[in-house]
Student: 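Starting off with a structure, shown below.
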Amino acid sequence: MQKLAIQGGARLNGEVRISGAKNAALPIMCASLLSADDVRLSNLPDMHDVATMAKLLQQMGVSVALSPQAATFNAGHVDKLEAPYDMVKTMRAAILVLGPLLTRFGEARVSLPGGCAIGSRPVDLHIKGLQAMGAEIHIEHGYIHATAKRLRGARILFDLVSVTGTENLMMAAVLADGVTTLENAAREPEVVDLANCLIAMGAKIDGAGSDTITIRGVDSLHGAHHRVMPDRIESGTFLVAAAATGGRITLSEARADILDSVLDKLREAGARIDVSGSHITLEMLRRPAAVNLRTAPYPAFPTDMQAQFMALNTIAEGSAMVVETIFENRFMHVQELRRLGAQIDVEGNTAIIKGCAQLEGATIMATDLRASACLVIAGLVAQGETIVDRIYHLDRGYEHIEAKLSALGAQIRRI
Ligand code: EPZ
């Protein structure tokens with residue numbers, strides 16, 4: 001099991017390039033199943049989940065030509081319409097092959113994704129939407145078995161906002177017969193990036209980025225080249241790390257226009273932030289002020305930034321309240337932060353953090369992707385050495401994070 005050893009105390013300084021967004025790359029890779037032509041993706045991040053998704057597509061018969069930060073996919077000879085349990089259990093996003101397989105080939109067998117550390121993560125809204133479009137769906141032996149001669153357009157109202165639910169049904173709708181409207185759809189920028197790629201492939205989509213998306217089915221899609229958008233959560237993670245260590249960093253190839261809620265909170269914590277084009281500079285000249293947070297669907301404060309901000313609050317001036325409204329168990333990082341001396345009380349989906357002047361290094365354990373980022377940030381500010389165990393969680397969703405942090409002056413090494 002690989003670990004990270006972090007010597008706390010260094011202020012982060014310098015410039016870091018932001019990678020392509022994991023949560024845009026994963027659905028967009030699945031979109032390659034919708035065409036028999038080449039789909040070429042650039043700015044593809046080099047991380048474990050992207051490699052897993054490439055393997056999943058390859059075992060279906062998709063040809064994948066990988067090159068540094070780019071790949072060409074061709075689904076002209078798909079011969080297996082299945083996503084097996086052993087691949088789905090490590091990456092829930094594999095559910096995103098369901099819509100494309102069903103709408104292009106009329107059949108799909110996808111393992112039910114298990115739960116994960118942050119919650120049960122059901123996919124009932126994905127299934128309900130496909131049934132509304134005429135799919136026959138049976139759940140047997142832990143697999144979703146879906147068939148449909150041809151999906152037909154439908155009006156689908158989401159009980160609650162689901163990012164991959166919106167993405168799966170948007171992909172199912174692009175080759176369906178007729179018009180589909182997705183209401184109470186997710187507005188996340190990654191949904192918009194997927195829609196832009198699908199439109200480049202010939203899909204007819206209006207309203208992506210709003211809560212109502214209209215898709216007019218076409219008979220087939222052609223190939224395209226798409227550059228994956230920058231990762232807003234990686235951006236936020238580095239900005240919080242710089243704020244926590246009292247440093248000054250510049251992000252390059254980033255997008256500030258999709259980070260408003262995060263930048264607002266960082267300014268509230270006392271950071272000075274300047275934006276020019278694709279560069280975001282943050283400078284923190286004082287101890288952070290504690291900031292209250294309440295996670296909610298985009299454009300409100302992202303749940304994927306909740307753990308990172310909690311690390312900032314542990315050493316901030318004052319007390320803060322953090323309310324997690326999206327997932328039922330996304331406070332796994334709390335007990336690990338307590339091992340570093342953080343003062344946190346949890347009541348249901350609310351955590352109260354009382355800022356303390358100093359954390360003490362210790363051995364701690366990552367439990368999920370964003371919790372591990374939180375623990376790395378805490379290690380950067382704790383006194384002495386912090387060992388973060390089970391960092392495979394980190395490698396799933398961050399590209400070369402310790403190399404990037406070292407380049408910013410962090411004392412961090414993989415052991
Ligand atoms: C996406 O997960 C992201 N993953 C998550 O990022 C992110 O935390 C989440 O959206 C919320 O923004 C990818 O895009 C690959 P949801 P997703 O469906 O789509 C409930 C990371 O760290 N729900 O928007 O799985 C669900 O239980 C990951 O990069 C149902 O009840 O999340 C949750 O409470 C973690 N039934 C809420 O909706 C369904 O059918 C939001 O889930 C679907 C979802």
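Numbering of ligands and ligand atoms starts at 1, following listing order. Note that this is a predicted model, so its numbers are computed, not measured.
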Student: Please write down residue, atom name and distance for the protein heavy atom closest to atom 1 (C) of ligand 1.
Tutor: Val163 CB, 3.9 Å
Student: What protein heavy atom is closest to atom 20 (C) of ligand 1, reported as residue, atom name and distance in Å?
Tutor: Leu160 CD1, 3.7 Å
Student: Less than 3.5 Å between some nitrogen or oxygen of Asp124 and one of ligand 1, yes or no?
Tutor: yes
Student: Could you tell me whether some N/O pair between Asn23 and ligand 1 is separated by less than 3.5 angstrom?
Tutor: yes
Student: Asn196 and His226: side-chain donor and acceptor closer than 3.5 Å?
Tutor: no
Student: Which residue and atom name correspond to the protein heavy atom nearest atom 19 (O) of ligand 1, and how close is it?
Tutor: Thr164 OG1, 2.6 Å
Student: Could you tell me whether ligand 1 has any atom less than 4.0 Å away from a heavy atom of Gly397?
Tutor: no
Student: Check contact between Arg330 and ligand 1, using heavy atoms of the residue and a distance below 4.0 angstrom.
Tutor: yes
Student: So is Ile326 polar-close to ligand 1, meaning N/O to N/O under 3.5 Å?
Tutor: yes
Student: Take atom NE2 in His393; do more than 12 heavy atoms of anything else shown fall under 6.0 Å from it?
Tutor: yes
Student: If you measure from atom 28 (C) of ligand 1 to every heavy atom of Asp304, Leu125, Leu26, which option wins on shortest distance?
Tutor: Asp304
Student: N/O of Thr303 under 3.5 Å from N/O of ligand 1, yes or no?
Tutor: no
Student: Got a salt bridge between Arg396 and Asp368, using NZ or NE/NH1/NH2 to carboxylate O under 4.0 Å?
Tutor: no
Student: Run through Arg370, Gln306, Gln308 and flag the one making a side chain to side chain donor-acceptor pair (under 3.5 Å) with His333.
Tutor: Gln306
Student: Are any of the side-chain nitrogens in Glu336 or Arg390 under 4.0 Å away from the carboxylate oxygens of its partner?
Tutor: no
Student: Charged N to carboxylate O under 4.0 angstrom, Lys354 versus Asp345?
Tutor: no
Student: Is the number of heavy atoms from other residues, nucleotides or ligands within 6.0 Å of CE (Met321) greater than 12?
Tutor: no
Student: If you measure from atom 31 (O) of ligand 1 to every heavy atom of Ala373, Ala21, Pro122, which option wins on shortest distance?
Tutor: Pro122
Student: Crowded around Glu136 CD? As in, over 12 foreign heavy atoms under 6.0 Å?
Tutor: no
Student: Flag the pair Glu324 and Arg330 as a salt bridge only when some basic side-chain nitrogen lies within less than 4.0 angstrom of an acidic carboxylate oxygen.
Tutor: no
Student: Can you figure out which of Tyr398, Tyr298, Phe158, Phe327 has its heavy atom closest to atom 42 (O) of ligand 1?
Tutor: Phe327
Student: Determine whether any heavy atom of Val161 lies closer than 4.0 Å to an atom of ligand 1.
Tutor: yes
Student: Is it the case that ligand 1 has an N or O less than 3.5 angstrom from some N or O of Leu369?
Tutor: no
